[in-house]
Amino acid sequence: MMDFSGMLAMIWLWPLLFALGLAWPRLRPYGIKLLPWALLPAGLLWFGFGWQLLADSSVTLKLEWPNILVGTRLNLDRLGFVWLSLSLIVWGVAALHSRWVQDVYAWRYALFFLLSLAGSLGLVVAADAVSFYLTFSLMSLAAWGLVIHERHASAQRAARWYILLAILGELWLFVGIVARAAELGTTDLSIWAQTSSAGWGLALIWLGLAVKIGVPILHIWLPLAHPAAPVPASAVLSGVMIKAGIIGWWLLLPSQAMANNEWLWLMPWLGVATMLFGGVLGLMQTDPKALLAYSSISQMGWLIWGIGWVWQSAQPEWMMLWVAAFAFHHALIKAGLFLAVGWVKFSATQARWMPWVWGMVILLALLLAGLPFSSGALLKAEMKQVSADALYQLPDSLLLAGSVITGLLMIQFVRRLARLEVQPKTLEKPALISWFSLVGLALIWPYAFMTPSWDNVLSDTQPLLIAVVFATAWRIRVNRQVHLAPGDGVVWLEAAGVKISQLKKHQAWWLKQQQYLVYWRLKSQQKLRRFSKRIYQAERFFLNWSNYVTWLGALLLLVGLSQVF
Amino acid sequence: MSWMLPALVLWPLLAATLGVLHQKHARHWGLVGALGTAVLGVAVMGLETSSWTLGGWALPLGIGWRLDQLAQWMLLIGAIVGLFVSVYAWLDHTLPRAFWWLWLGAWGAMNALFLSADVFNIYVTLELLGISAVALVAISNKAGATQAAMRYLLVSLLGSMLFLLGVALLYGEYASLDMVYLAQQMQSGPVMFLALAAMTVGLMAKTALFPLHAWLPLAHGRAHAAVSAILSALVIKASFYLLIRLWLEVFAPLDLSLAFWFWALLGSLAVLWGATQALVTPSLKQLVAWSTVAQVGYLAIGLALMIDAQAQFSWAWGLVGLILAHALAKSAMFLAVGNIQQRAGHDNLQQLGYVLRTERKTLFAFGLAGVSLAGLPISAGFLAKWWLLELSFDHQAWWLFGVLILGSLMTAGYVLRVLNLALTNQAQTQSLQAIPAGREWLVLILASLAIVSGLSAQSLWGG
Amino acid sequence: MLVFDGLLALLILGLAWRATSSRDLFESIVVFIALGLMIALAWVRLSAPDAALAEAAIGSGLAGALLLATWSRIEPQTDDRVRAFSWSWALVFSGLAVGLLLAFAQIPADGQGMMDEVQAHIPQAGVAHPVTAVLLNFRAWDTALELAVLAWAWFAQQALNRDHTPRYQALDGEVLQTFAKWLTPLVLLVGAYLLWRGATEPGGAFQAGAVLAAGLVIYSLAYQHPWRAGRLNDWVWRLSWVGGFWLFVMIGLVGLAMGVGFMGYPPAQAGGLILLIEICATLSIAFLLAAMFSGHRDTETLASKSNKES
Amino acid sequence: MSWFYQAAALVLLVSMLLSLFRVARGPSYADRMLAAQLIGTSGVALLLLLAAAFEQSALRDVALVFALLAAVSGIAFTRVAKSVKE
Amino acid sequence: MDNSVWPLLIIATSLIPGIWIFFIPEHQRFLRSALNIGGALIKLQLVVLVLIGLYTGEVYQIQWQVLPGLELKLRIDGLAGLFLLLSAFLWLITTIYAIGYLENSPNRSRFFGFFTLCVSATTGVAMAGNLFSFVLFYELLTLATWPLVVHRGTQQAIAAGRVYLRYTLIGGGALLVGTVILHRLAGSPDFVPGGYLDDLAIHQAWLWLVFGLLIAGLGVKAALVPFHSWLPQAMVAPAPVSALLHAVAVVKAGAFGIVRVMFEVYGIEFAHGLGMASVLLVMAALTIIYGSVRALFEMDIKKRLAFSTVSQVSYVALGIALAGPLGAIGGLIHIVHQGLMKITLFLTAGNYAETLGIHKVHELSGVGRRMPWTTVAFTLGALGMIGLPPLAGFVSKWYLGLGAWEVGLYWVLGVLFISSLLNAAYFLPLVYRAWFGEAPAQWPHEQTLSTKFETHWMLLFPPLITAATVVLLGVFAGYAFTTLGWVEWLVNQEFNGL
């Protein structure tokens, strides 16, 4: 059996090497074309490790570099394999689709793509807190370059909010990690997973990662960034990077400890709240990409809910696989949907492909909405089932509402997509093939380890039906009545910011103070000069002869008398 | 007695008189006299310390000479500074030849003063020193030099008279003039206090200690640079040396309880007033002269700190260190100013920017000297000030910390007033006079000595 | 005699006050001349004829002439004028006066000083008069330095007086010239007499020198400066200024070489050496004082001055 | 010392005091100078008187010097007065 | 060769060229540069040799009695080695840079003379073996840097110089007084890990006074609030000077002095016991926040960097004041790491100013395309400052954070958090503008300094090298030969050597 542990570093150093290569101007024009090749080691590892897993499902790859940073560890186990798989697939497809990016700064897009790719792959294999933090930051910050790539006003605005939230999250995460590392005396995540530590360290880590996941209130960057980024970038943002938060929660937080009083009810409720929150706000969107972004928030609700009960279960390592599987499901479909927007948008000239494209779009929408026998329906049902042994249970109706709202969102999405203005672009055949393959994979992968049964068909169809009913009954479209700008809270914040800055501008008082300061400085200089002159003239007193002699006499008297008394 | 001791006094005096006789070559006679005296002054460091009586007349009758370490050091300081000033002056053709015989007269007088242990004899040497010094001021062709010299003359005479009064009172009381003998006999009493007061105030006037300083900035500011160097570095030190002798030796047995406050307060006022004036004066030369007023304040503070019985006498070497530091730094500074003044043709601070910038060696020397004056490391001045601080601590005179530090800061302030000009971009406004290159190097070496001598401060304590 | 002494003291104080406070400079000078006389009298009353003699020689003659000469050449200065009266001044100096009086009251009246010591050593001194013995033997170094002080005072004056204008107009009075002609030899004679007396009685080199100098001054007032006419070489004059001091210290060094110490004489030759020194010193003093009075202009000084002006 | 000498000395001293009045009042410089000369003359007499009284011959020397040199300031005054305007 | 010669040699390699340079005529460019670079190379070589020797247990020291009981002592210990290496390395870098930067400007001999003297003083500060010697070199440093601050000679420069001196000299005075008092209380023994004041616990009031004086004196150079105001004003100096001031010489001398005082005079546990560490901690924390906030509102690039220095240097004091080994590690490595990062930033800022005339933040727009390499270096420096892994700044912050937790001062983590956030807030906009802003049609003042590179090679390579070290020191932090390894060794001495 081959030892793939060296590949653990290669999978993310290799793209970094590509990124460095872009420093050489001659390579830059090939930047985009080279992107798929950056995934080569990751692919090899996936393939090799996949075979090893088939032989022994508990096998783990390990790599230790004690002298790099403050001690670097990397490993890959079967859960990691799931993460790696979804990352590899989505990044790969996105890399192929990156050819859509054809502007002058394409190489820059490639650079950030490579950097965040490296981070994204790295955090999958990270087994110490610092490596995780490093790769997580690399991914987050580099993604900023993807968000801002198109440079128009909305991209800049999105990037601004993105980086603000990202850095805030980074720093929460950093402080949390430091706190845990200091308390546990190690950065080894295998120890971290089993040992609890002070509550607020955990809370900070949780919070730092929550930003990435898009937990309500911290989500505001998400609906701005996803629509603003180029299509393939949106695909990875929504498909892969958003999951990094879940991976982080799992890796950095101790599962037993996370099932205690405070967290017990928080995570499930937060999960449901996120589902509904993302869904409701998504319905108020007109831009299909923004809608998808809210949908991602909503879907993250499922993962939050999922990890909530995984922590509470007796065998979290095992249960986590279900959550990972759901993540895998969402990754494929959401990436596919985002790419679909691209295909619809760019492929108007290729009319003969259009039916196929639309077919795929509808298929994907249905998969996400939970078409019976599809991955969505199967996984949701399975998760509900296995979560039955969790300590804290949510009412089923809430989860049902979550599913319904997903269905509604998808219907809305298709409607919106149909109204999209189109821009002709050349057809990229490899990309198209990869997209079709992606959709295909999304369709069939569950059957590799799940056998669908007819028993649940009714209950599985339930949410979809309700959604269709609602959608048809409610003919008046929500987003015409209650339109909400993408980024919801951002709008208010920005308005408040403008108010504040205007407030400051009109403060004549401030200006006056400054003028007064200048005046005061001049005046004090003048005073000093006058004072100097006076001092200079004061010496006349000593120069005067009679004073001189008086002083002399006085001193005589002083010395003489001082000794006498 | 070694022949070196009489030679130390007579060599400069005879060389000076030869200069008077052979006026055409007064400059060269002057140099011969200076070099010889300097060599002797250094060589005397190697002599055994001892005392002698002149003419073989036993002590109460004759005149006593004494070569102790304090005298040796004073002679050495005189020799070093004298040598540099002399060579500098030799290179300066604008100096009137009278400079030479006056300067050598002053030097001989100082050497005689340092050697003498007899208060009346010291009075005579003070007279010779005073008259030469006054005339040295007067040979300057700068406006107002004569008035300044007259003022100096009067102060000098007044000081001498007061000193003489003290001598007379001492003689009347103890029928002796020898300092060692007097110190042994000294008893408290109003007459002694009067003597002490008279001598002290007289010498204070000559040392230009605040508030009797007014003559100094005029005289030193208007004199020729070499002369200012001599006056500031050596002449006022001679009278201060006497103050040390009187307070720490002759009158030491008296109960001088308030003396600390007297000296420390006057010294502090001197430091502050001198520095303040240096900060506002418009002329470079005056600035340096005012600095002397301030530095004399440090000497007074040093004396104040030594008067206390708690201090071990070995500590008094710090006073010599202070004198040494100031002598080297101040002479270097005045000579540097001389270079600049001669090059620019004036010493108006505001218009010296260009000259200062081009005269790199001289400016560097000025800076080094300033460093020592301000008591910045690692100069001799720094160690001297360190010594003052340590003693202040022992005396628990915290307020002196403030004065010393403030004084140092102000010193730095006025030194930097000058250096600042060199860093401005002032353009050339006047044509520059040429000066011999040797003089720049000379000043630089002297200033470096002011720094380097700090490293050998330990030798003052016999290390 | 108490009345006399009291009156004398009052006179001295009054004159001194008048000399310093008078607004008229000429009046101050005249009062000063009178003061010199009073002080000489005071010395007499204090049994110090040596000092009285010196005061007489300098105070009455040379000082007056010198002050008058100066007065004729200076402008009244305004910036240093003494204030008429100030409280601080009065307070300080009345306090000082009280202090001085209190202190002097403590001085023992029977202070003999070193007189016993001096008397005991007179036999080895080579001269009989104790004052001369002290000045030229016991404390010869002081005297040698005093000679130097005098010489340097003249050098200093040369440095101060840089414009070299003659102080007096040429004289054309017949009476004065005749007077001077008769007076000069008399003065020389008195000078020599005082010098000779110094060995046993009050008198000596300084007094003699001062008298001689006065003679030279009279002569130079009446006639041309002898040195200005070029009758004597510059060198001779210069030598006369420093010769006394030279000889003095050379003999002192000889003492060092002979083992009696610096500034000491072999006892056997003491008398002769002292006489030699006294003669030279008298001449030096005389010429120095005379030069100080009349100003010396030698050819070299003139040359250098014209150089400077060009 | 006999009362005669004392009385004579006192008289001389008082006469000097009187001439001082003239020194102070002037009005001309010549008046002042002459008064000073008078003081000198009185002084010489006083010295001689004292020499006799104390039998100190040295005082006669003092008187001699005074007498001789009083001329100097007199002559000097005549020379100076010419060049000074009153 | 006798070991005692080494400290002298190390000083001489800059002192002698320095003095020589003063007297070299302005036009002899080659000689001057050769002296400068030659001296710097030799010094670096010597320092490396000494460090190797130090690792094998050699002792390098030399002393000279100056007053009774007062020794001038030069000694190279581990801490000195750290600072020496930093200054020797950065001197070489900045010298090369300065030669390029000041090409054809007036008064170069003066500049390089003082520049070199400044380094001599810095090495002296590093090697000072007792407090007295430290004070000596510390003051020398003030003097040597002042002419550099004023070098341009403009009205503004002179005003800045005046402020600089006012602060540093008064601080020097406080330091001197403190040193004297301490000398009278405890003599002036060598610096020793764990301090030498344990016996003096009864003089608590004195020790507090001295502590206040010393911290005030050192705090001026280390730019602790409220002694920091000189630093932003000193920005009028030429870029290499700012770089040197901020990265190595002045600011670090202050920080280094705080380390010496806390570790080897008071002894950290002793100081902690008396509560001094807490005072320092609060001061450092305030400084960190205050500096960052001010930086945020500065629109002049160099001024922004200056306030950033105010903030960043206090990390050193913060780490020390935490009074735990991990915090100490964080503080000490930050001496080096901040130095490298800040010098990178200043050199690149200098490049912008010299090549394109860019001084203000808004002028940076699009400069990344005109000067990509410079901007890469700038970006690395900025990201390092924010504390992103794997750059050097991260390692510092990491250990500071661990140190804060270790001693239970959780609020310090909050300080780190806020500071990092502010760092990001004032650095990222610059980076953003540089890479993504629209380049103007014409740069404020463009000069063609090179046909081959984006700017003169002497300006380009120094920041690139330092930027590379920023990366390397972060990535390979775990190795013994990096700062972290060295500092861990040092901190062991302080905390276990008791």
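None of the values given here were measured: they were computed from a predicted structure.
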For C/Met250, is it the side chain, the backbone, both, or neither that has a heavy atom closer than 4.5 Å to a heavy atom of chain B?
-> side chain

Measure C/Phe245 against the heavy atoms of chain B and call it side chain, backbone, both or neither at under 4.5 Å.
-> side chain

Quick one: what part of [X] sits under 4.5 Å from any heavy atom of chain C, side chain, backbone, both or neither?
| X | value |
| --- | --- |
| B/Leu177 | side chain |
| B/Leu13 | both |
| B/Ala112 | side chain |
| B/Val137 | neither |

So which of C/Val118, C/Leu145, C/Val134 has the biggest tally of heavy-atom pairs under 4.5 Å with chain B?
-> C/Leu145

B/Asp118 and C/Arg139 ion-paired at < 4.0 Å | yes

Decide if atom CH2 of B/Trp57 counts as having more than 12 heavy atoms of other residues, nucleotides or ligands within a radius under 6.0 Å.
-> yes

Taking atom [atom1] of [X] and atom [atom2] of [Y], what is their separation to the nearest 0.5 Å?
| X | Y | atom1 | atom2 | result |
| --- | --- | --- | --- | --- |
| C/Ser284 | C/Leu150 | OG | CG | 8.5 Å |
| B/Leu169 | B/Tyr174 | CG | OH | 11.0 Å |
| C/Trp154 | C/Leu289 | CH2 | CG | 11.0 Å |

Could you check which of B/Leu194, B/Ile131, B/Leu129, B/Leu61 has the highest count of heavy-atom pairs closer than 4.5 Å to chain C?
-> B/Leu61

Taking every heavy-atom pair that is under 4.5 Å apart, which of B/Leu128, B/Ile63, B/Thr17 has the most such pairs with chain C?
-> B/Ile63

Just by distance, with hydrogens left out, do B/Ser176 and B/Asp178 show a side-chain donor and acceptor under 3.5 Å apart?
-> no

Is a side-chain donor-acceptor pair under 3.5 Å present for C/His121 with C/Asn137?
-> no

